[in-house]
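A short worksheet on the structure shown next.
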Amino acid sequence: MPEAVETMDGWYCLHDLRTIDWTSWKLATSDERQAAIHEFQQLLEKWEQVEQNRNGSHALYTIVGQKADFLLMLLRPTLEELNQIETEFNKSKLAEFTKPAYSYVSVVELSKYRPSKDGEDPEQKPETQARLKPTLPKWQYICFYPMDKRRQGDDNWYMLPFEDRGKLMYEHSKTGRKYAGKIRQIITGSMGLDDWEWGVTLFAHDSLEIKKLVYEMRFDEVSARYGEFGAFYVGSILTPEQVPSFLQI
Ligand code: VOV
């Protein structure tokens with residue numbers, strides 16, 4: 001029986017995608033809108049403090065296209081904390097003007113396909129811990145999509161020997177490394193947590209780099225033969241200062 005790869009797991013992750021009900025937002029009074037914006041900014045400030053204290057991280061992006069209007073990506077040490085934030089947001093005034101578009105629950109994941117060169121447990125290394133509990137980059141563009149590894153006839157990832165999977169992942173990492181400094185990837189595992197097996201979140205300074213990377217990876221055997229993909233969400237950063245103008249009508 002093929003051996004499962006050992007994973008290292010970090011902070012829990014919630015991708016919370018919302019659509020704004022612009023009709024009711026327009027019908028609200030100016031005071032109500034101001035109060036809703038102010039309360040939301042206070043929530044952002046509170047999350048900023050958590051990020052400063054290295055107890056979690058968050059990123060807020062607007063989404064292009066009709067799938068959603070904004071994405072809140074949240075990282076916290078426990079599922080309970082994610083649930084608390086979600087509930088806190090749902091009780092806020094702004095939430096009254098939003099509708100759920102999509103959500104995704106997962107945990108930051110690194111896998112141990114490659115043996116550690118110095119024999120040390122990679123999980124104990126500070127650089128690994130930093131990757132498992134990352135401060136999300138506030139780069140201009142984001143792209144999020146869930147994915148599976150295929151289990152179909154002869155193309156069954158879960159029936160491949162460990163070494164073969166390791167080699168394919170190594171090829172994958174070589175393609176990825178060409179985009180160093182241009183793309184930052186956060187891979188989150190979601191087996192048993194949500195409907196797909198992984199969440200892929202890419203941050204970029206230039207949106208075309210996202211397309212180039214995803215296109216190039218389509219030709220890597222691991223994606224070409226075994227990759228199955230869900231819906232793609234793409235958008236640009238929404239800083240706390242930009243929130244009032246984004247919501248201005
Ligand atoms: C900047 C780009 C980039 C880089 C450098 C990179 C590197 C790496 C390395 C070194 C490793 C393995 C060790 C680890 O770190 O876990 C991975 C792991 C993984 N990846 Fe990746 N990936 C990238 C980017 C990247 C993309 C764009 C995708 C989506 C694939 C596509 O076709 O749309 C992806 C997927 C994954 C997944 C699902 C896993 C886990 C698979 C598993 O079976 O466990 N990934 N990835």
Side-chain angles (χ1 to χ4, degrees), residues 2-11 13 15 59 73 75 104-117 120-134 136-137 139-152 155-234:
E3 195 189 326
V5 68
E6 207 182 317
T7 61
M8 299 178 276
D9 303 283
W11 278 341
C13 178
H15 290 79
M73 181 177 178
L75 297 180
Y104 204 75
V105 178
S106 54
V107 60
V108 179
E109 179 190 288
L110 296 173
S111 49
K112 291 187 189 172
Y113 272 115
R114 307 196 68 198
S116 167
K117 283 181 199 140
E120 272 180 42
D121 180 0
E123 198 159 354
Q124 302 311 321
K125 295 186 176 176
E127 59 268 31
T128 309
Q129 284 301 315
R131 289 184 62 201
L132 291 172
K133 298 167 186 174
L136 295 173
W139 291 7
Q140 185 62 29
Y141 300 102
I142 199 167
C143 171
F144 162 70
Y145 54 102
M147 68 171 287
D148 283 344
K149 294 274 176 79
R150 188 168 296 142
R151 267 162 282 166
Q152 218 172 61
D155 294 339
N156 187 334
W157 177 256
Y158 297 93
M159 295 299 281
L160 284 183
F162 181 93
E163 298 74 44
D164 296 7
R165 281 179 284 132
K167 271 185 211 145
L168 292 174
M169 287 314 296
Y170 177 64
E171 292 304 315
H172 164 85
S173 73
K174 276 204 303 194
T175 304
R177 277 204 299 270
K178 290 193 218 162
Y179 291 80
K182 293 179 180 163
I183 303 268
R184 261 204 62 196
Q185 88 281 15
I186 307 273
I187 303 298
T188 51
S190 40
M191 292 189 201
L193 298 176
D194 217 319
D195 300 342
W196 295 78
E197 294 170 348
W198 287 277
V200 178
T201 310
L202 307 173
F203 295 89
H205 301 297
D206 175 349
S207 47
L208 261 190
E209 294 296 340
I210 297 173
K211 178 175 177 287
K212 285 180 197 292
L213 167 72
V214 174
Y215 177 67
E216 196 175 344
M217 280 197 171
R218 288 287 146 109
F219 294 90
D220 285 337
E221 196 176 338
V222 64
S223 293
R225 191 181 283 257
Y226 302 104
E228 307 253 11
F229 304 97
F232 281 64
Y233 296 88
V234 68

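Counting starts at 1 for both ligands and their atoms, following the listed order.
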Which class fits the ring pair Tyr215 and Phe219: parallel under 30°, tilted 30 to 60°, perpendicular over 60°?
-> perpendicular
How are the rings of Phe144 and Tyr233 set relative to one another: parallel (under 30°), tilted (30 to 60°) or perpendicular (over 60°)?
-> parallel
Describe, in one word, how the ring planes of Tyr104 and His15 are oriented to each other, choosing from parallel (under 30°), tilted (30 to 60°) and perpendicular (over 60°).
-> perpendicular
State, with a plain yes or no, whether a side-chain heavy atom of Lys212 is found less than 4.5 Å away from one of Lys182.
-> no
Crowding at NZ, Lys167 (>12 non-hydrogen neighbours, <6.0 Å) = no
Within a strict 4.5 Å, meaning less than it, do heavy atoms of the Arg165 and Pro2 side chains meet?
-> yes
Can you list, by chain and residue number, every protein residue with a non-hydrogen atom closer than 4.0 Å to ligand 1?
-> Leu110, Ser111, Tyr113, Arg131, Tyr145, Met147, Lys149, Trp157, Met169, His172, Ser173, Gly176, Arg177, Ile183, Gln185, Ile187, Trp198, Val200, Leu202, Leu213, Met217, Ser223, Phe229
